[in-house]
Amino acid sequence: MDEDWELYYWPGFPGRGEFVRLVFEEAGVKFRDMRDMVGVGGISRLVLEGELGGFPVLAPPVIKKGKFQMSQTPAICRYLGKEFGLYPENAEDEAHADQVNLTIHDYIAEGRLAFHGMNHTASYYTQKEETKPYIERFVKDRLPRFLKHFETLLVAKNGGKDFLFGDKLTYVDLALLHVLRATEAQFHEAWLEADYIPALKAFKDRLSARPRLAAYFESKRCLPFEGNSMT
Ligand SMILES: N[C@@H](CCC(=O)N[C@@H](CS)C(=O)NCC(=O)O)C(=O)O
């Protein structure tokens, strides 16, 4: 019997798990979101403490189907993108998709780090005051640098009217959509003031209106952003 995909990620906020959810949702592939079944304690035991067994994973998100499991968000999305046909059609685009996927993950990782300037494994709420300068610097320097780059990438193909790799939607478009939504939620003012990314803003609206994604964003399965670290 064909087993369902399972996703192991923390409950309560979208986080990095959301990159993976968008791939399942756009592909129309059913999966079990284990956050609803095992809670924080279960994710800690199964993933952090290794009770899942099988191929070793360090941190969530983890996907699992039967005996196969893997972690590392950019690698998961690439793998699922290929499985579900959300994947570039030639070797050069495939290589560039890797490049852009990893740049998107650099962006989210830097954004997260800014909220944890004193201790990157402790909660943001234990370092709210101390980390303010890191957040300010991120918003002033790094956020616009990344967003301008994403705009340039998008416009480079068909003037930005389609997707990152022309007229075919890939897993990288979904990753970009997620970080744009996260940026808008977390840095609302900076997002509104960013008049240098018209194609990106239109891209975000266009992708969000795709039937499967729109239905997901309106559903209870889609959790609101928590309000720190773009998660
Ligand atoms: N590079 C990894 C980072 C994974 C990661 O940091 N996961 C966080 C949640 S977003 C976590 O719970 N980490 C626990 C740990 O690293 O011990 C990825 O992209 O999946």
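For the single chain, residues carry numbers from 1 onward in sequence order. Quick caveat: nothing in here was measured; it's all calculated off a predicted structure. Counting convention: from 1, in listed order, for ligands and their atoms alike.
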Applying side chain to side chain contact (heavy atoms under 4.5 Å, CB included) to Tyr125 and Asn228, what does each step give before you reach the verdict? CA-CA 9 Å; Tyr125 300 103; Asn228 79 78; 3.3 Å; yes
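- Contact residues for ligand 1 (protein heavy atom closer than 4.0 angstrom to any ligand atom): Tyr9, Trp10, Arg16, Leu48, Ala59, Pro60, Pro61, Gln72, Thr73, Pro74.
- Checked for salt-bridge contact, Lys204 and Glu184 meet the test: a charged N lies under 4.0 Å from a carboxylate O.
- Under the rule for a ring pair (Phe, Tyr, Trp, His ring centres under 6.0 Å), the partners of Phe13 that lie at least two apart in sequence or sit in another chain are Tyr9.
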Stepwise, does the ring pair (Phe, Tyr, Trp, His ring centres under 6.0 Å) test hold for Tyr171 with Phe84? CA-CA 9 Å; Tyr171 69 99; Phe84 303 158; over 10 Å; no
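- For Phe68, the ring pair (Phe, Tyr, Trp, His ring centres under 6.0 Å) partners are Tyr79, not counting sequence neighbours.
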Please set out all donor-acceptor pairs under 3.5 angstrom arising from side-chain atoms of residues 15-25, sequence neighbours excluded.
from: Glu18; atom 1: OE1; to: Arg21; atom 2: NH1; distance (Å): 2.8
from: Glu18; atom 1: OE1; to: Tyr216; atom 2: OH; distance (Å): 3.3
from: Glu18; atom 1: OE2; to: Tyr216; atom 2: OH; distance (Å): 2.7
from: Arg21; atom 1: NE; to: Asp33; atom 2: OD2; distance (Å): 2.7
from: Arg21; atom 1: NH1; to: Pro14; atom 2: O; distance (Å): 3.2
from: Glu25; atom 1: OE1; to: Arg221; atom 2: NH2; distance (Å): 2.9
from: Glu25; atom 1: OE2; to: Arg221; atom 2: NE; distance (Å): 3.1
from: Glu25; atom 1: OE2; to: Arg221; atom 2: NH2; distance (Å): 3.2

